[in-house]
Amino acid sequence: MGTYVVAGGTNGMGRGLALHFLSRGDRVTVVGSDPARGRRLLDDAARLSAADRAAFVRADLTSAAENARVIEEVKARHDTLDGLVCTALRPFPKRVETPDGYEATFALYYVSRFLLAYGLTGLLERGANPMIVNICGVGVTKGRIHWDDLSLKRGYGTVKAMLQAGRATDLLGVAYARNHPDARTRYLLHHPGFTDSGADGLAQPARSVVKLLARLAAQPVERAIAPIIELMDDPPGTGGLLAYDRRRPLDPSLPTLDPAAAHRLYELTSHLLRS
């Protein structure tokens, strides 16, 4: 029986992975912001005869304090972890600044995953074959880190924010692996491709557009999560960092996986680990 935490596990791919783990007999703690979705997840767990192995933690993962609370709740619940899966993400049509001073997309897509990965490393290192899974846009080279304006106070745009946060989370995987050279925990950056993960969190007209595109071109969640399950259950080769576009390994020399940039971003945000 494995033990997993799925951040963003009440919807889309996170939900699909959480239910997969529960269906095969694992323990799963799901983190999400919507209590109604959390209840539906727990109802589905009960239908799988897994109610005693499922837990829901409500949290706003754009907040550093909320991430710290989640880490403490997970530590209170579990002595070991086999996997941390990070899927939480949503676009913000207008710029939102978190209490920690970060733009909300950056806070959710990068800062939360940063805090959870480092904060749960101790439990992961006790797991049988531990892995952190970061579902992201690795392999995409559009966008950049705005080093002089991480919070995008000058010229915010939804796509601009998503692309910056995507490049940041790529660098998170690089920095984590380099900061834990002797760790047993492996770090998977995984680009699933266009997946029908739902669009209810979007405002109109974007919601209708995404739903239409999903019907025409998106793969179902079940197909999108299959390569992730394979990589978690049977990770290839050696080394701390894995980067995949679906089932295709990516070149670690991609400019978006630059170790110097990864170290620079880590240095800019490492103070959060001491907060």
Side-chain angles (χ1 to χ4, degrees), residues 1-61 66-67 69-71 73-90 108-109 112-113 115-117 119-120 123-124 127-136 169 185-193 195-201 218-235:
M1 180 187 294
T3 304
Y4 297 89
V5 171
V6 184
T10 62
N11 193 41
M13 294 179 62
R15 175 184 171 85
L17 285 164
L19 292 175
H20 166 78
F21 296 140
L22 290 168
S23 70
R24 71 181 189 183
D26 297 323
R27 292 182 294 264
V28 180
T29 296
V30 167
V31 185
S33 60
D34 187 332
R37 287 181 176 176
R39 286 191 296 271
R40 286 197 292 271
L41 188 283
L42 295 178
D43 288 343
D44 286 339
R47 284 190 281 273
L48 292 170
S49 300
D52 60 330
R53 292 184 281 105
F56 171 68
V57 177
R58 183 185 182 186
D60 175 6
L61 292 176
E66 286 282 272
N67 279 277
R69 177 177 62 81
V70 168
I71 290 166
E73 289 199 28
V74 171
K75 287 180 177 179
R77 183 172 284 116
H78 303 299
D79 295 321
T80 182
L81 284 179
D82 295 285
L84 165 65
V85 180
C86 297
T87 72
L89 175 62
R90 70 177 182 274
L108 184 59
Y109 201 171
S112 172
R113 300 180 188 210
L115 292 171
L116 292 174
L120 294 175
L123 294 186
L124 286 160
N129 191 24
M131 181 177 286
I132 298 169
V133 178
N134 192 332
I135 296 176
C136 56
T169 204
T185 304
R186 305 184 75 180
Y187 198 109
L188 170 63
L189 293 167
H190 192 274
H191 184 358
T195 302
D196 185 4
S197 294
D200 291 341
Q219 63 183 331
V221 165
E222 293 74 15
R223 185 184 302 167
I225 65 176
I228 298 168
I229 294 165
E230 294 169 11
L231 289 164
M232 294 185 76
D233 289 347
D234 187 20

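Heavy-atom basis, side chains included; hydrogens, waters and symmetry copies ignored. For reference, positions follow the sequence shown, starting with 1.
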Without placing hydrogens or testing angles, list every side-chain donor-acceptor pair under 3.5 Å for residues 81-88, not counting sequence neighbours.
unit_1 : atom_1 : unit_2 : atom_2 : d
D82    : OD1    : A128   : N      : 3.0
D82    : OD2    : T3     : N      : 2.9
T87    : OG1    : A7     : O      : 3.1
T87    : OG1    : G8     : O      : 2.8

Is the shortest heavy-atom distance from the side chain of R40 to the side chain of T10 under 4.5 Å? no
Shortest non-hydrogen pair, P192 vs C136, comes out as CD-O, 3.6 Å
Checking side chain to side chain contact (heavy atoms under 4.5 Å, CB included) for the pair I228/M13: CA distance, chi angles, key distance, verdict? CA-CA 10 Å; I228 298 168; M13 294 179 62; 3.5 Å; yes
Shortest non-hydrogen contact from K75 to G119? CE-O, 3.5 Å
Are V31 and E73 close enough that some pair of their side-chain heavy atoms sits under 4.5 Å apart? no
A quick test of your reading: do over 12 heavy atoms of other residues, nucleotides or ligands sit less than 6.0 Å from CG of D52? yes
Could you tell me whether the side chain of R186 and the main chain of M131 form a donor-acceptor pair under 3.5 Å? no
Look at the side chain of N134 and the backbone N and O of L189, then say whether any donor-acceptor pair between them is shorter than 3.5 Å. no
Using a 3.5 Å distance criterion without hydrogens, assess whether the side chain of S33 forms a donor-acceptor pair with backbone atoms of D60. no
Provide the closest heavy-atom pair for V221 versus G16 in the form atom of the first, atom of the second, distance. CG1-CA, 4.1 Å
Gap between atom CG of L19 and atom CZ of R24 - 0.5 Å precision: 12.5 Å
Quick check on side chain to side chain contact (heavy atoms under 4.5 Å, CB included): which of L41, L42, V57 does V30 satisfy it with? L41
Measuring from atom CG of N11 to atom CG of L89, what distance do you get when rounded to the nearest 0.5 angstrom? 11.5 Å
Other residues, nucleotides, ligands: >12 heavy atoms within 6.0 Å of R58 CZ: no
May I ask you to decide if I135's main-chain N or O and R113's side chain share a donor-acceptor pair within less than 3.5 Å? yes
Looking at every heavy atom in both A117 and Y187, which two are closest together, and how far apart are they? CB-CE1, 4.4 Å
Is it true that R47 and D44 have a side-chain N and a carboxylate O under 4.0 angstrom from each other? yes
Whether the side chain of H78 engages the backbone of T80 through a donor-acceptor N/O pair (distance < 3.5 Å, no angle test) should be reported. no
Any side-chain heavy-atom pair from M1 and R53 closer than 4.5 angstrom? yes
In Å, rounded to the nearest 0.5 Å, how long is the span from OG1 of T185 to CG of L124? 4.5 Å
If you round to the nearest 0.5 Å, how far is CG of L17 from CG of L22? 11.0 Å
What is the distance from atom CE of M232 to atom OH of Y4, rounded to the nearest 0.5 Å? 5.0 Å
